[in-house]
Each structure stands twice: as structure tokens, then as C-alpha cells.
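Throughout, a chain's letter reflects where its sequence line sits, starting with A, and its residues are numbered from 1. What you see below is based on every heavy atom in this structure, not just the backbone, and it leaves out hydrogens, waters and symmetry mates.
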There are 2 protein chains.
Amino acid sequence: MPRIGRKEQILEKASQLFRSKGYHGTTIRDISEASGILSGSLYAHIDSKEDLLFEITDRGADLFLKSLRPIVDGDEDPVTKLRQAMVAHVRVIADNLEAATVFFHEWKALTRERRACIQVKRDEYEDLWGRLLDEGEQKGSFHLEDEKFARLLILSAMNGLYQWYNPQGAQSPEEVAERFAAILLAGLDSGKGGDSGDGGRTP
Amino acid sequence: MPRIGRKEQILEKASQLFRSKGYHGTTIRDISEASGILSGSLYAHIDSKEDLLFEITDRGADLFLKSLRPIVDGDEDPVTKLRQAMVAHVRVIADNLEAATVFFHEWKALTRERRACIQVKRDEYEDLWGRLLDEGEQKGSFHLEDEKFARLLILSAMNGLYQWYNPQGAQSPEEVAERFAAILLAGLDSGKGGDSGDGGRTP
DNA sequence: CCTACCGATCGGTAGG
DNA sequence: CCTACCGATCGGTAGG
């Protein structure tokens, strides 16, 4: 008889294993062993190995979306929003290192339909960032030479986090996010020239 | 009888497959089929599947090292060196998209000894970047609040390239690299002010 | 480089 | 959740 909370436990073990060995490098027997049951018994909780990968990546996608949407839809000024968005993104990664790593690294191992489902959410997430940057541009809060390039650079820089962030280390997610924000905001905004939004820091 | 150049052809097919399906998701039969021979025949050219992964990642590591070392050891001023290093890094990725992707994504699938060998080269590469940043700091060319953070941000931002760069697209590696350099140099250096560290931006 | 093959392991199932 | 098992496929080999 399945214990309650067992499914969550299995998902956590699977996340850890997918992270360290990859989806295809992890066997059903690895997961069942880590969960303290035999491989056949795993199928009382799941229908297939891919189910596990899908649940992990889909939840990951939802975490990113849920944390960013209220910020983009909010009423703060664009620079504040951008800073908040970076903090939110870093938090999701730092607080869910395993799931985030699997989300970034293994989602392409999904078969067609489920991969498409995750792709939709990834596109949604990038669109939210696009709207955020567009708004700042239109309101004159900052000036980007190339919005898409800026978006990709921001996300790439922050996504690298999952490869080196140590939750036991000295830096809190907020500290890390503030550093990202300080560097990226200054860098992205340096090419501007403006009547608005910069306060004359540019020479 | 093995054709000449056959090994290179196999390595290229393996790179493409490892990139799209992952190392563990690619079978010996996938590789042999793509190479136009039967699976057993592959072993006239290689000793094991892992050999292919090792050769690809090891060559990738050497490409990065070979392109960065002369720059770090050169005589240019630190800002120029930093810019050149970014161009070099972007070039290696843009000119070797498959190998670079496999290098970033799959090297952990190597078994212990070979993974350690790649790890050494990765450390070497990061050290070269560290030396480059240290030199700029010491000579007062730029001022970083946290050198390690700066290094990780630079490399993360640029490494994201392999996920979105399109060789058939409009942007040349040089253009991309110059954009990175412009944004990152401005951002990383924004905290400076004349003689020390922050220049009064701090309240 | 092909033919023919092998032991091991894979994801998954039936019945309890 | 266990026992017992299965067909398919895996990386790799022997002999030519």
C-alpha cells in the first residue's frame, strides 16, 4: 500500500539522480533503490520513467512562471521590476537547485508532446521577460540596443547559477541576485544616451 | 579497411548526436547508422563509446585553452585582453557549436579518470580568466567587487551562447562578442570610481 | 568493414 | 509493495 507522501519522496530522489547522472543515465532501479523499494514497486506510483521527468520539469516551469508573472503585471517602475524579476529568478534556482538543474539540462529528453508542453511554458517565460524589458524601454527607464540580446544575456548569466551556487555557502539568494542586478543593469544601460532614466552617470 | 578521415567523420556524427540526444541517449547503433556502417564495424575505429565522448570533450577543452592562453600571456593592456578573451571564447563556441555543447553538457557522463582529466583542463581555463581579471585589478584598469563572481558571470553569460546562437543568423561571432564585451565591461566596472572601489555611488 | 552473435541490463508487467 | 519475470535493446566481440 502506498505511503502518503511517497510520490513526493520519489520525485525528490529522481530529481537528485537526474541531476547527477542525467535522465538517460539514471535507471528505474537507481530510483527505486534510492527510494527504498524494488523496481517493480515503483510502478504503483508512476506510469513510466518519463512521467517523473515530466513532473519535475513541469513543476520547475511553473515555479518560474508563478514567481515572475505578478512582478511583470505589477505597478512598480520598470527598473524596480527588473530588479525584482532577477531576485525572483535567482530565488527559484537557489531554492530548487535539483529541479532547476533538471529543468535546464534534461527537458529535451522528453518525447514530442511533453517536450512541446514544456516548450510552451519556456516561451511564455521568455515573453514575460520581453514584456518587462519592452516596458522599461518604452517608458524610457532604460535603453537597450538589442532587446533580445539583452534578454538572452540576462537569462544566461543567471541560469549559470545552477552550476556553481552553493546553498551552504555564504551568499544568500538575495545577495547573489542584487549583484547580478547591479552589474547587469549598469551594463545594459551603459549604451544609452538620455534625457531620462539615468541621472547622468554616463560620462 | 578503414577509410582515411573516417575517424573524423565518426567523431562529427557522434558530436551531432550527443548534442541532440545526449551521450546516454545516443546508442552505438545511432552513431554507426549516421556514419553509414554497421554497429560492429564501428569498433574498427574506436575502442569504446566513451572514447568518442572523451575525444570530443578533450578537444573542446584544448580549443578553449589554446585560444585563451596567448591572450593572457600577451602584452596588451588588461581591458584589451579582456575584450580579446571574450572574442576568443565566443569564437570557439560559435565555430564549434556541436563540440562546445557536448563539452558543456556531457562531460560529466565520463567515468572517473577521464572526467578528472577534463576537470583539470576546466580548472586551468578558469585560472587563466582569474589571472586576466587579477591583472586588470592590480593595474587599476578595472575594479571588481568580487573577482570570482565576475568570472562566473562572464563565463555563464557567454556560455549561454551555445543554446541560442545560430551560425546561419545575421550576427557574426565578432559582433556577438563585442556586444558581450560592451555590456559586461560597462557593468562590471560600474562600481568603480577613481582611486578605489566605489566612487560614491553607495549612499 | 560485414556476419553473426552474446551476456547484461533496460523499462515495464502480471499476479498476488 | 514484493516475487518473478519478459521482450527489447544495449555496448561490445569473434572470425572472417
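Using a 4.0 Å heavy-atom distance criterion, B:Ser32 is classed as making no nucleic acid contact. If you check every strand for non-hydrogen atoms under 4.0 Å, B:Thr26 touches sugar and phosphate atoms only.
Distance from the side chain of B:Thr27 is smallest for D:dC10 among the nucleotides D:dC10, D:dG12, C:dG12. The side chain of B:Ala44 has C:dC1 as its nearest neighbour among C:dC1, D:dG12, C:dG11.
Taking the six-membered ring for Trp and the full ring otherwise, the centers of B:His89 and B:Phe180 sit at least 6.0 Å from each other.
Residue-to-nucleotide proximity on DNA chain C shows that, of A:Lys49 and B:Ser39, the 5′-proximal contact is made by B:Ser39. DNA chain C is contacted by both B:Ile10 and A:Ser41; B:Ile10 maps to the nucleotide lying nearer its 5′ end (nearest heavy atom per residue).
Residue A:Trp129 is tested with A:Asp134, A:Val72, A:Ile154 for a side chain to side chain contact (heavy atoms under 4.5 Å, CB included); the sole match is A:Ile154.
OP1 or OP2 of D:dC1 lies within a sub-4.0 Å distance of a side-chain N or O belonging to A:Arg6. The phosphate of C:dC10 has neither OP1 nor OP2 within less than 4.0 Å of any side-chain N or O from B:His24. A:Tyr43 has a side-chain polar atom (N or O) that falls below the 4.0 Å cut-off from OP1 or OP2 of C:dG12.
Rounded to whole Å, the distance from CG on B:Asp51 to P on D:dT13 is 11 Å. In this structure, B:Lys7 atom NZ and C:dC1 atom C1' are separated by 16 Å, rounded to whole Å. In this entry the distance linking CG of A:Leu52 with P of C:dG11 reads 11 Å, nearest Å. Counting to the nearest Å, the C1' atom of D:dG12 and the CD1 atom of B:Ile37 are 14 Å from each other. Between the P atom of D:dC5 and the CG atom of A:Leu38 lies a distance of 15 Å, rounded to the nearest Å. Rounding to whole angstrom units, CD of residue B:Glu50 and P of D:dG11 are separated by 13 Å. Distance, B:Leu17 CG to D:dC10 P: 13 Å, rounded to whole Å. Atom CD1 of A:Ile46 and atom P of C:dT13 are 10 Å apart (whole Å).
Salt-bridge check for B:Glu135 with B:Arg131: failed, with every basic side-chain N at 4.0 Å or more from each acidic carboxylate O. Look at A:Asp51 and A:Arg114 and you find a salt bridge, because one of the NZ, NE, NH1 or NH2 atoms lies within 4.0 Å of a carboxylate O, short of that distance. A salt bridge links B:Arg83 with B:Glu178: the distance from a Lys NZ or Arg NE/NH1/NH2 to an Asp or Glu carboxylate oxygen falls below 4.0 Å.
When both distances must be under 3.5 Å, the Watson-Crick or G-U wobble mate of D:dG16 is C:dC1.
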